[in-house]
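Let me begin by presenting the structure, written as structure tokens, before commenting on it.
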Amino acid sequence: MHAAKVESSPRLQRVLALISDGSEHSTRDIAQGAEVCAVSSCVAELRAAGAVIHCRQVMRRHPDGTMRWLFYYRMTTPPEVKQ
């Protein structure tokens, strides 16, 4: 994988700004709040830049009766961003 640099990627900067509060954010929250599609790729790129981001998986029943995995991300250490 070729990770983008945080300092030159508006996409990663939006995700970083959203998850910088230390709270858990669902995949949907991040996709909508940061206007990105591939949340797991953004998280991987931030990790490649040195961020520590934990992922919690929760199995929930969907209204249609099927079971679905939900993913929640929490950043505990921000990436190293060069100015």
Side-chain angles (χ1 to χ4, degrees):
M1 175 182 87
H2 178 74
K5 294 186 185 326
V6 177
E7 51 274 2
S8 62
S9 172
R11 172 180 56 91
L12 293 181
Q13 291 169 10
R14 290 192 308 270
V15 173
L16 181 58
L18 184 76
I19 67 173
S20 288
D21 63 2
S23 299
E24 278 192 333
H25 298 275
S26 70
T27 302
R28 176 182 280 179
D29 293 339
I30 296 169
Q32 291 177 343
E35 298 179 348
V36 295
C37 294
V39 172
S40 61
S41 294
C42 293
V43 168
E45 290 178 89
L46 289 170
R47 286 175 174 155
V52 177
I53 302 171
H54 301 278
C55 179
R56 182 171 66 94
Q57 303 172 11
V58 178
M59 178 70 80
R60 292 267 166 82
R61 185 169 306 279
H62 190 267
D64 69 7
T66 60
M67 297 300 286
R68 306 245 175 120
W69 283 107
L70 300 178
F71 298 87
Y72 295 90
Y73 298 93
R74 178 191 308 265
M75 183 173 68
T76 57
T77 304
E80 293 184 26
V81 178
K82 297 174 183 157
Q83 299 298 329

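Counting begins at 1 with the first residue of the sequence.
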Inset, instruction - Grab the two heavy atoms, one from Val6 and one from Pro79, that are nearest each other, plus how far apart they are. - result: CG2-CG, 4.4 Å
Legend entry - Residue list, side chain to side chain donor-acceptor pair (under 3.5 Å) with His54, at least two apart or on another chain: Thr76
Inset, instruction - Give me the other members of the hydrophobic cluster that Tyr72 sits in, counting Ile, Leu, Val, Met, Phe, Trp and Tyr linked by side-chain heavy atoms under 4.5 Å, directly or via other members. - result: Val58, Leu70
Legend entry - Pair listing, salt bridge (Lys or Arg N to Asp or Glu O under 4.0 Å) test, anchored in residues 25-44, at least two apart: none
Legend entry - Ala4 to Leu12 - nearest heavy-atom pair and separation: O-CD1, 3.6 Å
Legend entry - Summary of side chain to side chain donor-acceptor pair (under 3.5 Å) pairs that have at least one residue in residues 8-19, sequence neighbours excluded: Arg11-Glu45
Inset, instruction - Would you name the heavy atoms of Val39 and Thr27 that are closest together and state the gap between them? - result: CG2-O, 3.6 Å
Inset, instruction - Tell me, yes or no, whether the heavy-atom count around Glu80 atom CD, taken from other residues, nucleotides or ligands under 6.0 Å, exceeds 12. - result: no
Inset, instruction - Output all residues satisfying side chain to side chain contact (heavy atoms under 4.5 Å, CB included) with Ser40, sequence neighbours left out; order by chain, then residue number. - result: Tyr73
Inset, instruction - Could you name each residue pair satisfying salt bridge (Lys or Arg N to Asp or Glu O under 4.0 Å) that touches residues 56-70, not counting sequence neighbours? - result: Glu24-Arg56, Asp64-Arg68
Inset, instruction - Report the distance from atom CD1 of Ile19 to atom CZ of Arg74, rounding to the nearest 0.5 Å. - result: 11.5 Å
Inset, instruction - Heavy atoms only: give me the nearest Met75-Leu16 pair and the separation to one decimal. - result: CE-CD1, 3.6 Å
Legend entry - Over all atoms of both residues, closest heavy-atom pair of Val36 and Ile30: CG2-O, 4.0 Å
Legend entry - Distance (rounded to the nearest 0.5 Å) between Ile53 CD1 and Thr77 OG1: 9.5 Å
